[in-house]
Amino acid sequence: SLCHGIFPHQQPQMLSLRSSGRSGPTNIRKQYSSLYQPISKFTNTKSNTITFPDQTVIAGTESLVPFISATKTSTKRPLIVTDKGLHKMGIPQQLASVLAKHDLQSFISDDSEPNPSCTDVVNIALSYQRNGCDSFLGLGGGGPLDAMKISAALVAQSKLEKGFNLENDGVSWITEELPPVLKNMSAEFKSLIPPINAVPTTAGTGSEAGKSAVIVNPQGQKKVYGNPAFMPSFVALAPQLTEQLPPLLTAATGIDALSHLLEAWFVPPETVLFPSEGGSVDGYLSKTDVARCDGYALEGIQLIVEHLPTAFKNGNNLTSRFYMQIAALLGAKAFRKGDLGGIHATAHSVGAFYHLHHGTAIARMIVPVLKFNEASPQAIPEKFELIRQIFISQGYQGATLSACVSNFMGQFPIPTGLKELSVSDTDIEKLTELASIDPCQTNPVSLTRHDYRQIFDSAF
């Protein structure tokens, strides 16, 4: 049955992770083998546990039962945060049924939109409060998972501030009082954030493995909030849950994951915060941390180049689905060393202006931004060449990285660039303005407003 296939009841044998030493072409493996341990090759694709300092990930087709067992130590009445699409398909109801078999009484909120708003967050927190829940369980893509994180913060605020009314005060607190980066979160506030766990149903955003959330404010602007307290404690990567993604969304979310990995790899060294230079949101980064992030980026890029085409062509191939989830996870872990760059800044503006799905907006802008970056005198050619070799090793030829990525993208029915959109010069100016003020500015070369205009002109 569907329920048994997605949510097996039996307890699988837990198998330990075994490194294969494989990390892509020989030259890449040789250069980086001393800097990180590859984690993408597992003993099987059934159940594998990856332990990070701040998170435990259980990955494979039989990951859900051990995931539930792990979360039972901190939860009895979880609120499943999902969206209406998954609710209509019956996926959260099936998960609730399995949770009940493990003595967990759960409730469902499908109030999250794909791009969750402050109102969505408030409605989720109200559902949590009404049902007397004690934890959050995000089920879905980046939207529900992001909404879950800020809902958890809102619940904490309602406990901390006497007289705080979720329904009346929630939206204004998010927009006016919740800082984008919660650097000085009090120990008391942090202790009041309910446990949060995640079961992603896509392989793109990596929200399940990150400490950030993107919420749309009442003015229609996307705002990013981040703190280590928003990191889900336990994550289940169950590739069978991504089988329901149609080919176009499989490609779009996979390209989104690729963009995270690329932009993490190209984070300029001078922007990384080391202990002697200051702090970052989740503590200082050592040089070993940065090397590990670079390793994750290389590993994830290799996985996407290998497995996204198969996942796109054959959505029932759970091996490729599995490795795409691992790649998305690695993308979120990789850009811990810095923020995202011009690909996301331009895609955010295009997505908001034309109301495009985030992954398709990324697909439209990834090549124009890469082309601009690699032609800049500020670029580090060796870093571009290393990634170019990954694409070449899988048959995607090109004299430049942008050419290789363009060839890779050609197999998916997603438009690249913006040439078929009807636009005016005023539209391009608006896109330029939005991109130049976007928070994602950790680009391998510094981008001015004039540079963004050039990128958009080339895309059109």
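Starting from 1, each residue takes its place in the sequence as its number. Not measured: the values here are computed from a predicted model.
From Ser172, atom OG reaches atom CD of Glu177 across 6.5 Å, with rounding to the nearest 0.5 Å. A distance of 5.5 Å separates CZ of Phe266 from CG of Leu401, quoted to the nearest 0.5 Å. To the nearest 0.5 Å, atom CG of residue Leu258 and atom CD1 of residue Ile304 are 5.0 Å apart. The distance from atom CD of Glu433 to atom OG of Ser349, rounded to the nearest 0.5 Å, is 10.5 Å. Of the inter-residue distances, the one linking Thr175 atom OG1 with Asn217 atom CG reads 7.5 Å to the nearest 0.5 angstrom. From Met231, atom CE reaches atom CD of Glu208 across 10.0 Å, with rounding to the nearest 0.5 Å.
In this structure, the side chains of Tyr452 and Leu434 stay at 4.5 Å or more apart for every pair of heavy atoms. By the 4.5 Å heavy-atom criterion applied to side chains, Leu329 and Phe52 are counted as neighbours. No side-chain heavy atom of Ile50 sits less than 4.5 Å from a side-chain heavy atom of Gln55. Side-chain contact check for Val199 versus Phe67: some heavy-atom pair is nearer than 4.5 Å. Leu86 places a side-chain heavy atom less than 4.5 Å from the side chain of Pro92. Here the side chains of Pro218 and Val171 are in contact, with some heavy-atom distance below 4.5 Å. Between Ser63 and Leu237 the shortest side-chain heavy-atom distance does not fall below 4.5 Å. Residues Leu298 and Ile387 meet the side-chain proximity criterion, which asks for heavy atoms closer than 4.5 Å.
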Take Ile150 and Leu178 through the side chain to side chain contact (heavy atoms under 4.5 Å, CB included) test and state the conclusion after the steps. CA-CA 9 Å; Ile150 306 305; Leu178 183 64; 3.9 Å; yes
Before giving the answer on side-chain hydrogen bond (donor to acceptor under 3.5 Å, both in side chains), spell out for Thr250 and Arg321 the whole-Å C-alpha distance, their side-chain angles and the decisive distance to 0.1 Å. CA-CA 9 Å; Thr250 296; Arg321 292 287 194 184; 3.0 Å; yes
Check the pair Arg364 / Thr416 against side chain to side chain contact (heavy atoms under 4.5 Å, CB included), numbers first and verdict last. CA-CA 4 Å; Arg364 288 175 178 274; Thr416 56; 5.9 Å; no
Could you go through His260 and Asp256, starting from their C-alpha distance and side-chain angles, then the distance that decides it, and tell me whether this counts as side-chain hydrogen bond (donor to acceptor under 3.5 Å, both in side chains)? CA-CA 6 Å; His260 295 157; Asp256 187 25; 3.2 Å; yes
Show the numbers, then the answer: is there a side chain to side chain contact (heavy atoms under 4.5 Å, CB included) between Leu447 and Phe372? CA-CA 10 Å; Leu447 295 175; Phe372 183 91; 3.4 Å; yes
Step-by-step side-chain hydrogen bond (donor to acceptor under 3.5 Å, both in side chains) determination, Asp146 to Ser207: CA-CA 7 Å; Asp146 284 3; Ser207 180; 2.5 Å; yes
Criterion ring pair (Phe, Tyr, Trp, His ring centres under 6.0 Å) on Phe312 and Phe412, from CA distance to verdict: CA-CA 8 Å; Phe312 168 74; Phe412 308 117; 5.2 Å; yes
Go through Ser135 and Leu79 one step at a time and tell me if the side chain to side chain contact (heavy atoms under 4.5 Å, CB included) criterion holds. CA-CA 6 Å; Ser135 59; Leu79 179 69; over 6 Å; no
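For the pair Arg336 (side chain) and Cys293 (backbone), a donor-acceptor distance under 3.5 Å is absent. Under a 3.5 Å cut-off, the side chain of Asn123 and the backbone N or O of Asp111 do not form any donor-acceptor pair. Looking at Asn317, its side chain does come within 3.5 Å of a backbone N or O of Ser320 through a donor-acceptor pair. A donor-acceptor pair under 3.5 Å links the side-chain atoms of Lys383 to the main chain of Trp265, judged by distance alone. The backbone N or O of Ser402 lies less than 3.5 Å from no partner atom in the side chain of Ser406, so there is not a single donor-acceptor pair. Within the 3.5 Å criterion, the main-chain N or O of Ile124 finds no donor-acceptor partner in the side chain of Ser127. Remark: the backbone N or O of Gln397 is paired with a side-chain donor or acceptor of Asn407 at under 3.5 angstrom. A donor-acceptor pair is defined here as one N or O able to donate and one able to accept, closer than 3.5 Å; such a pair exists between the side chain of Asp451 and the backbone of Thr448. No donor-acceptor pair closer than 3.5 Å links the side chain of Lys223 to the backbone N or O of Ile215. Not a single donor-acceptor pair under 3.5 Å links the side chain of Ser376 to the backbone N or O of Asn373.
Asp289 and Arg292 are joined by a salt bridge, as a carboxylate oxygen and a charged side-chain nitrogen come within less than 4.0 angstrom of each other. Classification of Glu299 and Lys333 as a salt-bridged pair fails, no side-chain N sitting under 4.0 Å from a carboxylate O.
Taking the six-membered ring wherever Trp is involved, the centroid distance between the rings of Tyr128 and Phe136 falls below 6.0 Å.
Between Ala257 and Ala328, the shortest heavy-atom contact is CB-CA, 4.1 Å. Here the closest non-hydrogen pair linking Cys118 and Ile174 is SG-CG2, 3.8 Å. Minimum interatomic distance between Met324 and Ala311 (heavy atoms only, all atoms of both residues): CG-CB, 4.3 Å. For the pair Thr202 and Gly141, the tightest heavy-atom approach, listed with the atom from each and the gap, is OG1-CA, 3.6 Å. Across all their heavy atoms, Ile193 and Ala229 have their closest contact at CD1-CB, 3.8 Å. Between Gly398 and Ile392 the shortest heavy-atom distance is O-CD1, 4.2 Å.
Applying the 6.0 Å contact sphere to NZ of Lys313 captures no more than 12 heavy atoms from other residues, nucleotides or ligands.
In this pair, Phe408 and Tyr396 present their aromatic rings perpendicular. The plane angle is above 60°, beyond the 30 to 60° band. The aromatic rings of Phe460 and Phe456 are tilted relative to each other, their planes meeting at an angle between 30° and 60°.
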